[in-house]
Novice: 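Dropping a structure here in structure tokens format, bear with me for questions.
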Amino acid sequence: MSLYFYQSNRAIVRLKLSAPSNKLLKSDIAITGSKSETNRLLLLQALFSNIALANISNSDDAQVMAKGLKVSNGEVDIHHAGTAMRFLTSYFASQEGKEVILTGSGRMQERPIKVLVDALKSLGADIQYKKNEGYPPLKIKGKKFLKNTVSLPADISSQYISSLLLIAPSLDNGIELNLVGKITSVPYIKMTLALLEEAGIASSFNGNKIIVQSKKSIEDTTFVVESDWSAASYFYSIIALADVGSEIKLSAYKENSLQGDSVLSEIYKEFGVETKFLDNHIVLNKVKNISKKTINLALENAPDIAQTIAVTCLGLGISCHLTGLHTLPIKETDRLAAMKTELEKLGGAVNISEESLTLDICENLINGVAIDTYNDHRMAMAFAPIALKTNLMINDAEVVSKSYPDFWKDIKLIGIGVNKI
């Protein structure tokens, strides 16, 4: 019996961040491949061995996904990797002869998965809860699905939806997925379908119905993973907080990206940041200081950048009202509650609801604050840019390895002081 455990061995590190000596920034940074694209393609590669991958993410989550896919029997511990939990649930359920216990960290065992499990069971899956109903760990016995039609609520995380779409080509009759209600995170669904199409797998997305056809084999295909737009968000924030004339070049990106967070190039125009697309990279320029006093954004399709935007607004002394954030409370932490706590440490006044965050204008930032990260990589990275405005500390800073292991090294290249305490 093969056995795979994933444990986080990172050191608990506190970093002190300080502003660069010159806030007219110039830098050139290469960013790792998209975690979102990588995890989707790793699953497809497990189904079709003649897929080759280049520029894959070096994140913890991608490593967990890759190793988990190699297990046939035993325990698979994906630690904090929510995408891996959702994608591997569908993968193992659909693989005849495989039998695993799929588990994760304490926080992962608090994150609901019942909607996906119910959908898989309706197709014929054999999945049992080992502890609490509706939550990991899961005992999964892979078997052949007898049905191909399934329904899901349309307003859930797109990862549940993508999880089913990705296994569809390996099923005898593909999948017909009906989404009930208003669809959120559409760009991530379209990303999944575009990757399937690139592999030669036919699909359609009309109204609230998605159909993915069965495919027994595909031609040899090499995918080059685009760099991560979520990672780029922190550099957009840095440029927005820097002096006019600052410039950061990021690679490798494309103008017609599949990633939902590529909306950053439009959103950050509101903060005086211009994006130029040149060959396989983007150049971010601070072209003007803004006079706006408030920003209103609906982020249903890109909720992962809400933390970054809120911190940008705090640093610029403007208010914001961000909506469409209903998936944030079930992420690595309750991101809405965590943001309220940490923004208020810095002097902000914040109100949250089940799906929104409102930040009032903050005229005086508090210096020397220690930001808690709640085992959430995005909490660490979202708050780092405000070092351009005030000194701060980041607790458990190495949590960034979940998605962007080189983050602290890269922001040092820009000139931000990064020192262990």
Novice: Whether the side chain of Asn148 engages the backbone of Asn173 through a donor-acceptor N/O pair (distance < 3.5 Å, no angle test) should be reported.
Specialist: yes
Novice: Do other residues, nucleotides or ligands put more than 12 heavy atoms under 6.0 Å from the NZ atom of Lys389?
Specialist: yes
Novice: With respect to Ile248, which candidate in Asp410, Val283, Ile238 satisfies the side-chain contact (heavy atoms from CB on, under 4.5 Å) definition?
Specialist: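 One option only clears the test, and that one is Ile238.
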Novice: If the threshold is 4.0 Å, N to carboxylate O, is there a salt bridge linking Lys35 and Asp61?
Specialist: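 The answer is yes: the pair qualifies as a salt bridge.
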Novice: Return the minimal non-hydrogen interatomic distance between Lys98 and Asn73, and the atom names on each side.
Specialist: C-OD1, 4.3 Å
Novice: Would you call Arg335 and Asp304 a salt bridge, taking side-chain N to carboxylate O under 4.0 Å as the test?
Specialist: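 Salt bridge: yes.
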Novice: State plainly whether the residues Glu133 and Lys114 are in salt-bridge range, i.e. N to O under 4.0 Å.
Specialist: no
Novice: Under 4.0 Å between a Lys/Arg side-chain N and an Asp/Glu carboxylate O for Lys121 and Asp126?
Specialist: no
Novice: Any ion pair linking Asp376 and Lys331 (charged N to carboxylate O, less than 4.0 Å)?
Specialist: no
Novice: Does Glu110 come within less than 4.0 Å of Arg107, counting only side-chain N to carboxylate O?
Specialist: yes
Novice: Taking the ring centre of each residue, are Phe277 and Tyr253 less than 6.0 Å apart?
Specialist: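 Judged by ring-centre distance (under 6.0 Å), Phe277 and Tyr253 do not meet the cut-off.
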Novice: Find the distance between CD1 (Ile156) and NE2 (His326) and round it off to the nearest 0.5 Å.
Specialist: 9.5 Å
Novice: Assess whether a salt bridge exists between Asp396 and Arg14, defined as any Lys/Arg side-chain N lying under 4.0 Å from an Asp/Glu carboxylate O.
Specialist: no
